[in-house]
Structures are given as structure tokens and as C-alpha cells.
Amino acid sequence: MASPLIVIVGPTAVGKTALAVKLCQRYRGEIISADSRQIYRGMDIGTAKPTPAEQAVARHHLIDIIEPDQTLGVAEYQSLAYAAIEDVLRRGRLPFLVGGSGQYVHAVVKGWKVPRVPPDYTLRTELEAEAERIGAYALHARLAALDPQAAARIDYRNVRRVIRALEVCLKTGKPISAQQSVQPPPYRILQIGLTMPREQLYMRADARIDRMMAEGLLDEVRRLVAQGYDLGLPAMSGLGYRQLGEYLAGHISLEEAVRLIKKQTHRFVRQQYNW
RNA sequence: GCCGAGGUAGCUCAGCCUGGUAGAGCACUUGACUGAAAAUCAAGGUGUCCCCAGUUCAAAUCUGGGCCUCGGCA
């Protein structure tokens with residue numbers, strides 16, 4: 001019989017960690033985090049990372065695995081997650097995949113076969129400049145010539161995704177659409193979706209943001225900036241970090257920054273629902 | 001009290017001069033997502049146009065009166 005995998009998903013601040021920790025205690029489980037922000041060391045408060053106490057009760061994997069100036073793509077995340085699941089199973093424990101990064105969860109649960117083309121930042125910068133020059137529509141037309149199928153699925157205005165598709169086509173000489181498939185993993189999966197009325201979710205998220213501020217989120221961001229981490233880094237684009245970075249750079253007031261964090265967190269809640 | 005500015009979507013505001021029955025950004029709702037994903041992108045609804053009267057075929061728009069807000073002067 002196939003090995004079990006429990007998956008816990010849901011929007012931010014709904015209580016995924018609390019439930020997962022409790023279940024781990026009861027069923028001898030370990031948590032594999034599916035969170036694209038908790039992977040960074042030194043970013044604790046703003047990412048609502050499980051506390052040391054929670055981590056002592058239930059072992060967590062894939063938290064604190066890279067520095068803020070490093071990056072981790074879905075494909076890498078996926079193989080790390082599969083390895084962690086195998087490791088947990090081998091030791092006779094129950095794996096819980098827990099997190100709010102829909103892309104990560106799908107990559108693992110559905111078994112996306114992501115084209116193995118690492119990002120080429122030089123090429124991306126060139127293509128971005130080209131998009132500026134000839135326009136998003138023309139860049140999309142370039143993709144359509146190489147891979148009509150992929151072009152049909154990507155809105156021409158979504159330059160970032162058009163560029164990734166072009167990157168794969170150009171690097172491999174083959175259409176990206178021919179290199180994307182799905183191969184479900186060999187687990188018996190039980191997926192638990194946590195939810196709550198929208199309004200309540202917004203209130204919980206807002207309250208948590210206030211708590212983060214009280215716990216010193218601003219100092220955390222200040223420290224990261226002092227360590228030389230640029231605001232343009234993917235790690236610094238997360239909710240809270242971006243806006244507080246703007247404040248520290250003198251572009252907006254602290255009040256405005258907190259207001260923006262809340263608004264954008266609401267949007268994030270909605271985005272998570274789509275997964 | 002006087003002078004000035006203003007009252008249009010939940011918020012900030014455009015439209016008013018040159019009447020033809022309302023629009024943008026944000027919020028909000030819905031959706032996409034295969035190596036940046038807490039990223040990036042798309043679609044959508046929203047209105048006693050402060051009130052009353054007048055002019056007019058037709059008023060957010062012009063005229064008169066009233067109410068309210070903000071700033072300056074007393």
C-alpha cells in the first residue's frame with residue numbers, strides 16, 4: 001500500500017501551523033513546510049515562522065534553508081520536499097505538507113514536471129529591456145512564433161511569465177509547452193483545506209500584522225537592510241518587508257506602510273483561495 | 001461674522017468653462033499560475049453626482065437660495 005501524505009492548506013492566518021503541530025503530536029508526524037518565505041534565514045517575524053516552541057513539539061523541514069540573497073525555484077523546492085517526505089517516512093513517521101504557497105503545494109501534490117532550465121538573469125534583463133523597447137504585445141508575439149500553445153495560455157501583459165516561457169524555449173530550443181507535464185507522486189494523499197468567512201480572515205490577518213509590529217518586525221527589516229540585503233531581492237519582496245523597506249527608504253510613512261501591508265495581505269488571502 | 005476653496009463610487013479625486021443623464025486609481029469580488037510565486041497578471045460590480053427651486057426638449061454641468069466641510073482674517 002502506498003505511503004500516506006497529509007496536506008494542510010489554507011489562507012494566511014487561518015491557523016494551519018497550530019493545527020499541524022497538534023496533529024503531529026497526536027500522530028507522530030513531522031511537518032514539511034510549503035512556504036516560499038519561511039525558507040529564508042533571519043526572516044522570522046514577518047513570515048510568521050513557527051516559534052521555537054512549536055518547532056520543538058513538531059519537527060519542521062524546509063524552514064531556514066537559504067540566505068535572503070539566495071533564491072529557490074519551484075523545481076528545487078519540489079525535489080527537496082520529496083526528499084524530506086521520504087526521510088520522514090523512512091523513520092516511520094507521518095509527513096504533513098503544510099503551507100500557503102499554492103505553487104509549491106501543487107508542484108508536490110500534483111507532481112508538476114517543471115522544465116529544468118535554471119533562471120538566466122542576464123537573459124531576463126535583456127528580455128525586460130526588449131519588452132520596454134518593443135512593447136509587451138510584440139514580445140508575446142515572439143513567444144507565439146516559437147510556441148503558440150504556451151502563448152495562448154499566457155496573457156501578453158504578464159511580461160514576467162512571457163519572459164520565463166521565452167527563456168525555456170530559447171535555452172532548450174524546444175517549446176516550453178512540450179516540456180511541461182504532470183506525474184503524480186506515489187502517495188495516498190489526504191488534503192485538508194482550512195477556511196473561514198472572508199471578513200474574519202481579514203480581521204485575523206490585521207491583528208497578526210499589529211502583533212508582528214509589536215514584536216519588532218521593523219527592527220527585523222532594519223537589520224536585514226543593515227546587513228546589506230537589497231530591497232530588490234526576491235526575499236525582500238514579501239509582505240511586510242517590502243512596505244517597511246519603503247518606509248526605511250523614506251518613501252512612505254510608517255502608518256502608510258502598515259496600512260499597505262494589511263491591504264495587500266487581504267489581496268493575498270484571495271489569491272491563496274484560487275489554489 | 002467676513003474672504004477664499006470645496007461637497008461626484010467605501011476612500012482620494014477627474015468631469016462642470018463648451019448641458020445629451022458619469023469616470024480613473026485604490027479598496028472589494030472573481031480568476032490565471034509548471035525554476036522570481038507573500039511574485040506577476042487579468043476580468044468585474046459599485047453611485048438620491050449635498051439639498052430645494054428655476055432655466056431648458058434635456059442639468060453633475062447653467063442660475064438663485066439653503067446646508068455642511070476645510071483654510072485665512074477677525
Next item on the list: If a protein heavy atom is under 4.0 Å from the base, mark B; if only from the sugar-phosphate, S; if neither, -; do that for nucleotides 24-32 of chain B going 5' to 3'.
Entry: ---SSBSBB
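- Pair assignment for C73(B): G1(B), on the basis of Watson-Crick or G-U wobble contacts that are both within less than 3.5 Å.
- Counting to the nearest Å, the C1' atom of G35(B) and the CG atom of L123(A) are 14 Å from each other.
- When the P atom of G35(B) is taken as reference, atom CD of E167(A) falls 9 Å away, rounded to whole Å.
- A side-chain N or O of Q179(A) and one of T172(A) form a donor-acceptor pair less than 3.5 Å apart.
- Side-chain nitrogen and oxygen atoms of R116(A) include none within less than 4.0 Å of the OP1 or OP2 phosphate oxygen of G35(B).
- Within the 4.0 angstrom heavy-atom criterion, no nucleotide atom of any strand lies near Y241(A).
- Base-pair partner of U40(B): A32(B) (Watson-Crick or G-U wobble, both distances under 3.5 Å).
- Between Y77(A) and G35(B), a side-chain N or O to OP1/OP2 separation shorter than 4.0 Å is absent.
- Figure legend. A27(B) is base-paired to no nucleotide; pairs are counted as Watson-Crick or G-U wobble with both atom distances under 3.5 Å.
- No donor-acceptor contact under 3.5 angstrom links the side chains of H140(A) and D155(A), judged on distance only.
- Using a 4.0 Å cut-off between charged nitrogen and carboxylate oxygen, D87(A) and R91(A) count as a salt-bridge pair.
- Within the 4.0 angstrom heavy-atom criterion, only backbone atoms of the sugar-phosphate kind lie near R157(A); the bases stay farther away.
- Residue contacts for K110(A): at a heavy-atom cut-off of 4.0 Å it reaches no nucleic acid atom on any strand shown.
- For the side-chain contact (heavy atoms from CB on, under 4.5 Å) with V7(A), the qualifying choice from V108(A), I189(A), I192(A), V98(A) is I189(A), the only one to do so.
- Within 4.0 Å of S181(A), counting heavy atoms only, lies at least one base atom of the nucleic acid.
- Computed from coordinates, the Q70(A) CD to G35(B) C1' distance equals 15 Å when rounded to whole Å.
- Using a 4.0 Å cut-off between charged side-chain N and carboxylate O, K49(A) and D64(A) make a salt bridge.
- Going from atom CG of L72(A) over to atom P of A36(B) covers 10 Å, rounded to whole Å.
- Taking the P atoms as reference points, G65(B) lies 29 Å from U21(B), given to the whole Å.
- Nucleotide G6(B) forms a pair with C68(B), judged by Watson-Crick or G-U wobble geometry with both contacts under 3.5 Å.
- Residue E86(A) qualifies as enclosed at atom CD: its count of foreign heavy atoms under 6.0 Å is above 12.
- Below the 3.5 angstrom threshold, one finds no donor paired with an acceptor across the side chain of Q38(A) and the base of A37(B).
- Base pairing analysis places A14(B) opposite nothing; no Watson-Crick or G-U wobble pair with both distances below 3.5 Å involves it.
- Hydrophobic cluster membership for L239(A): F268(A) (Ile, Leu, Val, Met, Phe, Trp, Tyr linked by side-chain heavy atoms under 4.5 Å, directly or transitively).
- Using a 4.0 Å heavy-atom distance criterion, T47(A) is classed as a base contact.
- As judged by a 4.0 angstrom heavy-atom cut-off over every strand, V117(A) is placed among the base-contacting residues.
- Residue S237(A) is classed as a sugar-phosphate contact, given heavy-atom separations below 4.0 Å to backbone atoms only.
- Contact annotation for R242(A): backbone-only contact, meaning every heavy-atom pair under 4.0 Å involves sugar-phosphate atoms and none involves a base.
- For C49(B), there is no paired base (Watson-Crick or G-U wobble, both distances below 3.5 Å).
- For the P atoms, the distance linking A5(B) with U63(B) amounts to 14 Å, nearest Å.
- V182(A) comes within 4.0 angstrom of a nucleotide base, judged by non-hydrogen atoms across all strands.
- Spacing between atom CE of M236(A) and atom C1' of A37(B) amounts to 18 Å, rounded to whole angstrom units.
- In the set A37(B), G35(B), C33(B), the nucleotide with an atom closest to the side chain of P115(A) is G35(B).
- Rounded to whole Å, the distance from OH on Y156(A) to P on U40(B) is 19 Å.
- With a 3.5 Å ceiling on both atom-pair distances, the Watson-Crick or G-U wobble partner of G20(B) is C57(B).
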Next item on the list: Would you sort out whether I261(A) and L244(A) count as a side-chain contact (heavy atoms from CB on, under 4.5 Å), showing the intermediate values?
Entry: CA-CA 9 Å; I261(A) 296 170; L244(A) 257 17; 4.2 Å; yes
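- Mapping P234(A) and W112(A) onto RNA chain B by nearest heavy atom places W112(A) closer to the 5' end of the strand.
- Nearest-nucleotide positions on RNA chain B place I154(A) closer to the 5' end than the other of G240(A) and I154(A).
- Counting non-hydrogen atoms of neighbouring residues, nucleotides and ligands closer than 6.0 angstrom, the CZ atom of R26(A) reaches no more than 12 such neighbours.
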